[in-house]
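Taking it in order: structure first as structure tokens, then the write-up.
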Amino acid sequence: MSRVFLSGSIRGGRRLVETYRLMADVMLSAGVEVLSEHVARETVFDDERGMSEQEIFMKDVGGIHQCDCLVAEVSVHSIGVGYEICYAVGLEKPVLCVYERDSNVSAMVLGNKGVVVQSYTDPDELRQIVQGFVGSVESGGHVSKKVENTG
């Protein structure tokens, strides 16, 4: 079973929490272990209550070390998500960054040839992108490269 680190904005804004939940559900239904499923919970702030910033950092970095790949939603600007992406790239983990088409995504993500980048317009398209990426990582056929969505 593959282990995926799901990265999505927490302190940068929670407007896409339902999208994070969809992504987690897609991976869980494929039999993938989502190491950071808390990102997709409405209760994430309650889940982290009582944890210091250092404990949160160590938990997330530990999850990135343990994962087989990282899947990030990057439509909402988040320093933490950017940090997690960079950390995973530094560890040579396969990384998928997805974003809502027409979002103002950082050039540091879009220009990074070490990650797969795909835009989506609806939940079905997002589901297909996530399933395809996770399936390719599980089969060992993943090659890190930037992918332009021409859809």
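Nothing here was measured: the structure is a model prediction, and the numbers come from that model.
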Taken to the nearest 0.5 Å, the spacing of Glu100 CD from Glu125 CD works out to 11.5 Å
Can you tell me how far CZ of Phe45 sits from CD1 of Ile10, rounded to the nearest 0.5 angstrom? 7.0 Å
So which of Leu126, Leu110, Asn104 actually passes side-chain contact (heavy atoms from CB on, under 4.5 Å) with Tyr99? Leu110
Pairwise distance CG(Leu91) to SG(Cys67) - rounded to 0.5 angstrom: 8.0 Å
Taking 4.0 angstrom as the limit, do Glu53 and Arg11 come out as a salt bridge? yes
Exactly one of Val109, Leu96, Val105, Val95 clears side-chain contact (heavy atoms from CB on, under 4.5 Å) with Val117, and that residue is Val109
No-hydrogen, no-angle side-chain donor-acceptor test under 3.5 Å, Tyr120 and Glu73: yes
Can you measure from SG (Cys69) to CD1 (Ile64) and round to the nearest 0.5 angstrom? 12.0 Å
Would you say the side chain of Lys93 lies within less than 4.5 Å of the side chain of Leu70, judging by non-hydrogen atoms? no
Verdict with supporting geometry, Val32 and Glu138, side chain to side chain contact (heavy atoms under 4.5 Å, CB included): CA-CA 9 Å; Val32 171; Glu138 279 201 307; 4.2 Å; yes
Are Phe5 and Asp60 close enough, and set up right, to give a side chain to side chain contact (heavy atoms under 4.5 Å, CB included), and what steps lead you there? CA-CA 9 Å; Phe5 190 92; Asp60 288 352; 4.0 Å; yes
Cluster link Leu35 to Val134, ILVMFWY, side chain under 4.5 Å: no
Spatial distance of atom CZ (Arg14) from atom CG (Leu16) [nearest 0.5 Å]: 9.5 Å
Looking at every non-hydrogen atom in both residues, tell me the closest pair between Ser7 and Val39 and how far apart they are. C-CG1, 4.4 Å
N/O donor-acceptor pairs under 3.5 Å from side chains in residues 22-29, not counting sequence neighbours:
residue: Asp25; atom: OD1; partner: Arg21; partner atom: NE; Å: 3.1
residue: Asp25; atom: OD1; partner: Arg21; partner atom: NH2; Å: 2.9
residue: Ser29; atom: OG; partner: Asp25; partner atom: O; Å: 3.1
residue: Ser29; atom: OG; partner: Val26; partner atom: O; Å: 2.9

Give the intermediate values and the outcome of side chain to side chain contact (heavy atoms under 4.5 Å, CB included) for residues Tyr87 and His65. CA-CA 9 Å; Tyr87 198 86; His65 274 278; 2.8 Å; yes
If you count the non-hydrogen atoms of other residues, nucleotides and ligands that lie under 6.0 Å from CE in Met108, is the total more than 12? no
Check step by step if side chain to side chain contact (heavy atoms under 4.5 Å, CB included) holds for Phe133 and Val71. CA-CA 9 Å; Phe133 180 81; Val71 174; 4.0 Å; yes
Side chains of Ile85 and Val74 in contact at under 4.5 Å (non-hydrogen atoms): yes
Starting at CZ of Arg101, measure out to OG1 of Thr121 and round the result to the nearest 0.5 Å. 5.5 Å
For Asp68, all residues meeting salt bridge (Lys or Arg N to Asp or Glu O under 4.0 Å), sequence neighbours excluded: Arg3
Is any side-chain heavy atom of Val76 closer than 4.5 Å to a side-chain heavy atom of Arg15? yes
Please give me the minimum heavy-atom distance between Val81 and Ser9, naming the atom from each residue. CG2-N, 3.6 Å
In short, Ser119 meets Ile129 closest at the heavy-atom pair O-CD1, 3.5 Å
Look at atom CG of Asp46 and say whether more than 12 heavy atoms of other residues, nucleotides or ligands are closer to it than 6.0 Å. yes
For a 4.5 angstrom cut-off between non-hydrogen side-chain atoms, does Leu6 reach Glu37? no
Under 6.0 Å from the CD atom of Glu18, do we count more than 12 heavy atoms belonging to anything else shown? no
Are Lys59 and Glu55 close enough that some pair of their side-chain heavy atoms sits under 4.5 Å apart? no
